[in-house]
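Only this structure's heavy atoms are used, side chains among them; waters, hydrogens and symmetry mates stay out.
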Amino acid sequence: MNIKKLLQDSLEKSFEKLGYDKNDVTLTFSNRPEESDYQCNSAFALAKKQKLSPEAVANLIMENLEQDVAEVSFAKPGFINFKVKDEVLSKVLNDAMNDERLNLEKLENPIKVVMDYGGANVAKELHIGHLRSPVIGESLARLHKILGNEVITDTHLGDWGLQMGLTIAQLQDDGFVDGYFDSTKENKEITLDTLNEAYPKASKRKNDDLEFRKRAEDYTKFVQDHKEPYWSIYESIRSISIEKIKENYGKLNCFFDLWYGESTSADYVDTVVKMFVDKGLTREHEGAIVVDVAREGENIPIPKKNPDDPQMYKNPMPPVFLKKSNGADVYDTTDIATIYQRNIDFNPDRMMYVVDKRQNTHFEHCFRAVKMAGISSESQELQFVGNGTINGSDGKPFKTRSGDTIKLEDIIGLITNAAEQKLKSNGIEDTKDLALKIGVSAMKFGDLSNDPSKDYIFDIDKFVSFEGKTGPYIQYTGARIYSLLRKSGLFENDEIFKTINGKESLITNLGIENKNLIKITDKNQRSLAINFLRLQDSYFVGYKATSLSPVCNYLYEFASSFSKFYNDTKILSEQNEEVRNSYLAMCLFVLKVIKQASSVLAFDIPEKM
Ligand code: ARG
């Protein structure tokens, strides 16, 4: 039962009877929750059209309303208020309790979406710049899925660029790969640490050492041509890196359907380049093949002050590079070929990219190019979700004390330690796994409560607090419920949920499931129930806005509303068994809601904390 929809329908019918336009119906959650649950403010606008007072119009609408889910009342000067009946609310909750998805509606027209997030680079250490994309991307993917979209997630590893050639050249100079070039010699073992040293060293060197840079460019091209021994070295670097990347993403609860990379698109590059050439869209630029995508008023050269100045542009929209002058593929090439490949494999309605917002121009020009070449149909949506920067308390990008970029692993460590300290101060010891769970929720909630495009301040103390609008507060609310339910003795072996055939089931002696146990009788229960009705909205609003912040806000409000109920109600000591069971069922219900919404945010609710 969708209460809002029922009320909306009855209002529309009443409007039709009165000869009003049913599009004029406005129905929202009430601004004054003490007085009503929903309100309709349509009478104000209609009064002008009808040349009547708002009160007269409201009364007419009310006289023609046919529904039995809510008490209707009028409030001056023209509001129609709805207060949902307690027994109706009870039924909604009991029904939702017995439904795996809490009876939430899905999108009317679900779509197929390929989501591209994560985007770690092979051979380069993951750092703080790689935190937001997987966090936001994973949650958006889950939000889409819960609303019924078909979602395919791909991490799109950076594994085809110059960093490959640079790393190989550096490993060669440091004597790690001699055996690959000369069978009488030995290779040294390449570990993650070797790579973490090699790439930054090479990256610095390339700026002054032109021979080195040229060699790295050649090696990159050799890798792209599958030339030995470069290809074999590349493959070993790739697999060492990926293992670590998977481990780190796993800690963040990020799981991908596809572990493709830029390299996966290599097979399609020739076809794609030919499509541009055949359409006459390419031109040669200093030996490279480029496609102009700038529109009027964009990419206008600013006159140089002296001939040695680099060229500057007004409204820059540089051309797309399909091939470098040495024939190598670049970032544009692989992204365009990947769009082609994704269309062959999945032909999705939408491709979504969750990437640092500074890559905006790159995506804009790739998107334009694929539309021009017909690689992406006119109706296919290509969506760039640019994410902002994580700043320190000084408002500048978050750095280590010594001013270095901070590694992803270290940032996970920092927040996990902070969570561990918190647990210790609450008397809970030896809790590495728990601390990680709390740290991850702290980090995610701190991030996701902001819109993706906004920068935010990484405030560890605030994020790990068990109070206020934080992930750990949500977890703590859940853990409290677990503890209460265990104490109730209603659950077998203290186990409350069990996974059976991949589905979560309740394990209870009294068979809480399938019984209409929840009976709403007081104000706190009512406000919890009304709050539950907003869950659906938070998903839809977040979906439309491509942001998880409505879901975070929701969870916080809902958890706070539970705390009020919990503090005001004697649950376990209630003598009347029916009432006690109703309270317990309500707690169980709240736990299910919290678990569902936090699984969208991709963090866990621990059973104890
Ligand atoms: N590897 C890229 C980086 O580190 C991000 C990849 C984003 N996705 C894409 N399809 N380009 O900046």
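Contacts of E71 classified as salt bridge (Lys or Arg N to Asp or Glu O under 4.0 Å), with partners at least two apart in sequence or in another chain: none. Partners of R350 under the salt bridge (Lys or Arg N to Asp or Glu O under 4.0 Å) rule, at least two apart in sequence or in another chain, are E381. With sequence neighbours excluded, the residues that form a salt bridge (Lys or Arg N to Asp or Glu O under 4.0 Å) with E35 are R32.
Screening residues 532-546 for salt bridge (Lys or Arg N to Asp or Glu O under 4.0 Å) gives no qualifying pairs among residues at least two apart or on separate chains. Listed by first then second residue, pairs satisfying ring pair (Phe, Tyr, Trp, His ring centres under 6.0 Å) with a partner in residues 76-106 read F44-F79, not counting sequence neighbours. Among pairs with a residue in residues 584-609, those fulfilling ring pair (Phe, Tyr, Trp, His ring centres under 6.0 Å) read F532-F589, at least two apart in sequence or across chains.
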Please report the C-alpha distance between E87 and K91 in whole Å, then the side-chain angles of each, then the deciding distance to 0.1 Å, and finally whether the salt bridge (Lys or Arg N to Asp or Glu O under 4.0 Å) criterion is met.
-> CA-CA 6 Å; E87 63 272 22; K91 177 158 172 39; over 6 Å; no
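The closest side-chain donor-acceptor pair between T431 and E420, if any, does not fall under 3.5 angstrom. Side chains of Y456 and D447: a donor on one and an acceptor on the other come within 3.5 Å.
Taking the six-membered ring for Trp and the full ring otherwise, Y473 and F466 have centroids separated by 6.0 Å or more. Taking the ring centroids of Y260 and H156, they lie at or beyond the 6.0 Å cut-off. In summary, the aromatic rings of F445 and Y556 are positioned with their centroids too far apart to meet the 6.0 Å limit.
The aromatic rings of F256 and Y117 lie tilted to each other, with the angle between the two planes from 30° to 60°.
T477 has its side chain within reach of I594: a pair of non-hydrogen atoms, C-beta onward, lies under 4.5 Å apart.
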